[in-house]
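Below is one structure, written out as structure tokens; comments come after it.
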Amino acid sequence: MTTSHSGSDYDEDIPLSQSVKRKAERERETAQEIEGSPAPGDEEYNSDEVLALQPKKKKKKWIKVKRSKSGKITKVKSTKKVKKEEGDEADVPKKEEENEEEGEEEKYKWWEDQNSSDQAWTTLKHNGVMFPPPYQPLPSHVKLYYDNKPVELPPDAEEVAGFYAALLETDHGKNPVFQKNFFHDFLQVLKESGGTLNGITIESFDKCDFSKMHAHFELLKEEKKKLSTQERKQLREERLKEEEPFRYCELNGRKEQIGNFRVEPPDLFRGRGKHPKTGKLKRRVQPEDIVLNIGEGEPIPKAPEGHHWGEVKHDTSVQWLAMWRENIFNSYKYVRLAANSSIKGQSDLKKFEKARELKKHIAAIRKDYTRDLKSKVMLERQKAVAIYLIDVFALRAGGEKSEDEADTVGCCSLRYEHVTLQPPNTVIFDFLGKDSIRFYQEVEVDHQVFKNLAIFKRSPKQPGHQLFDRLEPSILNRYFQSYMPGLTAKVFRTYNASQTMQDQLDMIPNEGTVAEKLLRYNAANRTVAILCNHQRTVTKGHAQAVERANYRIQELIWQRIRLKRCLLQMHPEMAKEDPERFEELSTLTKEDEAAIHARIIEREEDKYRRKFARENDKLKFEEAELLEEKVLNEWLQKVEDLKQEFAKELETGEVEIKTKFDSVAKIDKQIERLTERIATSSVQLKDREENSEVSLGTSKINYIDPRLSVAFCKRFDVPIEKIFTKALRQKFDWAIESADEDWRF
DNA sequence: CTCGCGACTTAGGAACGCTGTC
DNA sequence: GACAGCGTTCCTAAGTCGCGAG
């Protein structure tokens with residue numbers, strides 16, 4: 001926390017408990033001019049609010065000018081209510097064939113229970129955690145080279161070097177910060193394990209050659225890729241069997257899945273964005289580091305041979321089964337239940353019910369912040385603008401961050417340089433949010449918001465300074481509680497996401513094929529994802545994939561044109577009878593057609609060459625006689641024939657009519673088929689492109705009330721499997737079973 | 001009464017493995 | 001029958017926010 005450091009004391013912010021008075025004050029205020037420079041009234045907050053400007057770096061990196069003390073609100077314990085969604089009118093007939101969830105045991109419908117306990121659990125039984133395998137030293141011919149000389153590393157140091165070598169060619173491996181942090185920790189471990197075994201002293205990262213180690217890991221990867229389906233299955237089964245005891249626990253007497261039962265293996269920390277600590281060694285977790293949480297009186301799982309647990313406790317107020325402290329931030333890691341567990345489901349349901357509750361208050365909140373945009377008290381104005389941003393642009397709260405984390409921001413931590421103002425009321429947001437994902441938006445905002453942002457940026461503030469120098473999430477959240485218990489900044493994201501989804505789904509007409517409905521559902525989903533700024537990086541091959549898909553569509557159109565040419569060849573009079581139908585013939589230029597031919601030829605040749613290589617590979621492996629070059633040439637001759645045919649076709653404009661398509665009826669049918677394929681391919685491509693930078697999953701999993709999707713499926717007769725994967729169906733079982741087609745957010 | 005810590009949700013990318021297409 | 005391309009699952013980092021120790 002930054003403490004008050006300049007001489008001046010700032011205005012006493014009015015405690016919330018006096019909001020009535022605040023209101024009276026505001027009512028005296030007259031409506032302000034909007035356009036042009038801020039009207040005098042806009043600036044009528046106390047003038048002693050001089051902004052402190054000396055960059056004051058304590059723990060915090062960014063200048064916070066003043067922290068205000070606001071009055072406290074009596075906290076209201078959130079009333080827990082288990083929502084009762086009856087409405088299961090036994091009208092779920094088509095679900096019967098869904099037998100994938102092995103329904104051996106009676107399913108526990110926790111959402112039908114009146115559960116109001118504040119304990120996380122009453123009984124809990126589990127087998128502890130699964131440790132990663134111990135380090136396997138590399139074969140003796142695989143070494144790190146230093147100054148071109150092979151280095152004998154003690155296993156502990158070799159392991160760390162290996163972590164880096166594996167990443168050598170990745171973005172992490174090439175990142176200087178990553179390299180520096182890794183190298184520092186590597187030397188540390190090397191020192192701890194007594195230095196190299198062949199007298200080499202390692203001092204300089206640049207003299208280290210990890211390429212041999214890297215090549216070794218690549219080789220392993222290749223081998224793994226080559227495994228046959230059988231071998232894979234075998235390995236999988238072995239793994240599953242080994243995991244079995246750790247996968248499940250007994251919670252309140254019922255078997256439930258555990259989420260991350262595996263202890264995180266040692267590795268180099270891969271921080272996201274410009275992370276100061278990226279590349280540091282994440283050390284191996286020992287049983288002694290682990291705290292188990294388990295029911296009183298239950299058998300304590302055995303720690304691995306020669307080890308013991310750090311601690312065993314019986315805390316029924318928390319959800320975790322085990323935890324340990326990691327060494328990068330000295331923070332905790334927890335082993336908890338899977339997403340499909342009753343505990344997680346309950347929290348989820350509660351979250352959405354809380355968001356729905358906000359519906360009842362949102363009008364008042366909006367009215368109040370609109371009014372407070374003109375408050376005379378700086379804190380109030382900042383609050384109003386911040387809430388506006390959270391409400392309208394779905395920003396996160398934005399808590400303070402320390403120096404040793406990536407520089408990312410949310411609403412309260414926005415800085416001068418993140419917001420650009422373009423009169424009359426356009427704002428450009430440009431900052432890195434959670435996970436260093438860029439938030440870039442040019443938007444028009446409320447005029448008063450615009451004016452206020454200008455005030456918040458006014459000199460002497462400059463880049464590096466906090467926009468909301470008096471705000472922190474806790475202030476906002478405390479204020480939110482006055483509207484509704486449990487209301488916090490993040491509830492707005494849930495509320496706005498689900499409400500948006502509801503609105504979008506309402507606009508979908510109940511018509512068309514399942515595929516069409518799905519497309520529209522995804523479009524709605526996408527609107528939400530965009531609202532929440534859920535992005536993904538386009539995959540490496542994306543541009544190429546799009547190009548290829550476009551080619552495919554072009555080729556389908558070309559095929560259709562050819563068929564139409566056949567029609568005309570057989571019945572020239574058709575051109576006059578239905579000129580529209582043959583319009584597209586003239587849209588294809590000779591150059592385009594030649595290009596299409598060339599592509600097809602190339603692809604065909606490629607195909608045969610690859611086939612040849614593949615079969616010979618196989619034969620070689622079987623030590624059988626290899627195919628002769630002659631075979632390949634025969635295949636290629638086929639392609640050559642095709643090429644000739646194309647060339648002739650291009651020259652004469654005549655298509656050779658195949659017996660397959662020798663009647664009008666046959667051709668018509670084929671044209672119809674092609675037309676269909678062209679349509680679906682085009683739609684799919686468009687959808688894919690629009691999705692290439694948007695991640696739909698995050699909002700589906702965390703923000704959109706699943707009951708919306710369930711209701712949509714029931715109302716529109718879309719199988720739920722089309723929308724929820726198996727894992728999601730398990731996670732949202734409560735929603736699938738409780739929401740009917742009329743359910744509304 | 002504060003604030004640092006503890007516990008929880010939310011997040012994107014890597015790894016995995018299935019499937020539709022030729 | 002191979003295999004690219006894709007969706008799904010796994011992994012763990014990075015947020016939010018309440019609460020209790022001092």
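What you see is a predicted model; the values in this text were computed from it and never measured. The figures that follow rest on heavy atoms only: side chains count, while hydrogens, waters and symmetry mates do not. Sequence lines set the chain letters: A, B, ... in the order given, protein chains first and strands last, and positions in each chain run from 1.
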Q) Do A/Arg599 and A/Tyr551 meet the cation-pi criteria used here (NZ or CZ under 6.0 Å from the six-membered ring centre, within 45° of the axis)? A) yes

Q. Is any side-chain N or O of A/Asn260 closer than 4.0 Å to OP1 or OP2 of C/dC11?
A. no

Q.
Just N and O in the side chain of A/Thr408: are any of them under 4.0 Å from OP1 or OP2 of C/dG15?
A. yes

Q) In terms of the nearest nucleotide of DNA chain C, which residue is placed more toward the 5' end: A/Arg247 or A/Lys282? A) A/Arg247

(Q) Salt bridge check, A/Lys351 against A/Asp348: does any charged N sit closer than 4.0 Å to a carboxylate O? (A) yes

Q. Over how many whole Å does the gap from A/Arg478 atom CZ to B/dC3 atom C1' extend?
A. 12 Å

Q: Counting heavy atoms from C-beta on, name the nucleotide in C/dT12, C/dG15, C/dT9 closest to the side chain of A/Lys333.
A: C/dT12

Q. Salt bridge (charged side-chain N to carboxylate O under 4.0 Å, His left out) with A/Asp407: which of A/Lys274, A/Arg272, A/Arg415?
A. A/Arg415

**Q.** Residue whose closest nucleotide on DNA chain C lies nearer the 5' end, A/Phe261 versus A/Leu487
**A.** A/Phe261

Q: Send over the distance from A/Lys225 NZ to C/dA4 C1', rounded to a whole Å.
A: 12 Å

Q: Report, as a single string ordered 5' to 3', how protein heavy atoms within less than 4.0 Å touch nucleotides 7-14 of chain B: B base, S sugar-phosphate only, - not at all.
A: BBBBSBS-

**Q.** Length of the line joining A/Tyr551:OH and B/dC22:P, which is rounded to integer Å
**A.** 18 Å

**Q.** Lys/Arg N to Asp/Glu carboxylate O, A/Arg247 vs A/Glu244, below 4.0 Å
**A.** no

Q: Report the nucleotide, chosen from C/dG18, C/dG15, C/dT12, that has the shortest atom-to-atom distance to any side-chain atom of A/Glu264.
A: C/dT12

Q. Contact class for A/Gly271 vs. all strands (heavy atom < 4.0 Å): base, sugar-phosphate, or nothing?
A. sugar-phosphate

Q: Please name the residue in the list A/Arg262, A/His126, A/Met130 that meets the side chain to side chain contact (heavy atoms under 4.5 Å, CB included) test with A/Phe246.
A: A/Met130

Q. Is there a side-chain polar atom (N or O) of A/Thr488 under 4.0 Å from OP1 or OP2 of C/dC17?
A. yes

Q: Please work out if A/Gly398 contacts a base, only the sugar-phosphate, or nothing of the nucleic acid, heavy-atom cut-off 4.0 Å.
A: sugar-phosphate

Q) Could you give the CD-to-C1' distance, from A/Glu231 to B/dG17, as a whole number of Å? A) 16 Å

(Q) Can you measure A/Phe246 atom CZ to C/dC11 atom C1' for me and round it to whole angstrom units? (A) 19 Å

Q | Interatomic distance where CE belongs to A/Met484 and P belongs to C/dC17 [whole Å] | A | 12 Å

Q: Kindly confirm or rule out a cation-pi arrangement of A/Lys383 over A/Tyr479, judged by NZ or CZ under 6.0 Å from the six-membered ring centre and within 45° of its axis?
A: yes

(Q) Rounded to whole Å, please give me the gap between CD1 in A/Ile723 and C1' in C/dT8. (A) 16 Å

**Q.** Basic-acidic side-chain contact under 4.0 Å: A/Glu264, A/Lys333
**A.** yes

Q: Under 4.0 Å between any heavy atoms, over every strand shown, what does A/Lys224 touch: base, sugar-phosphate, or nothing? Just pick one.
A: sugar-phosphate

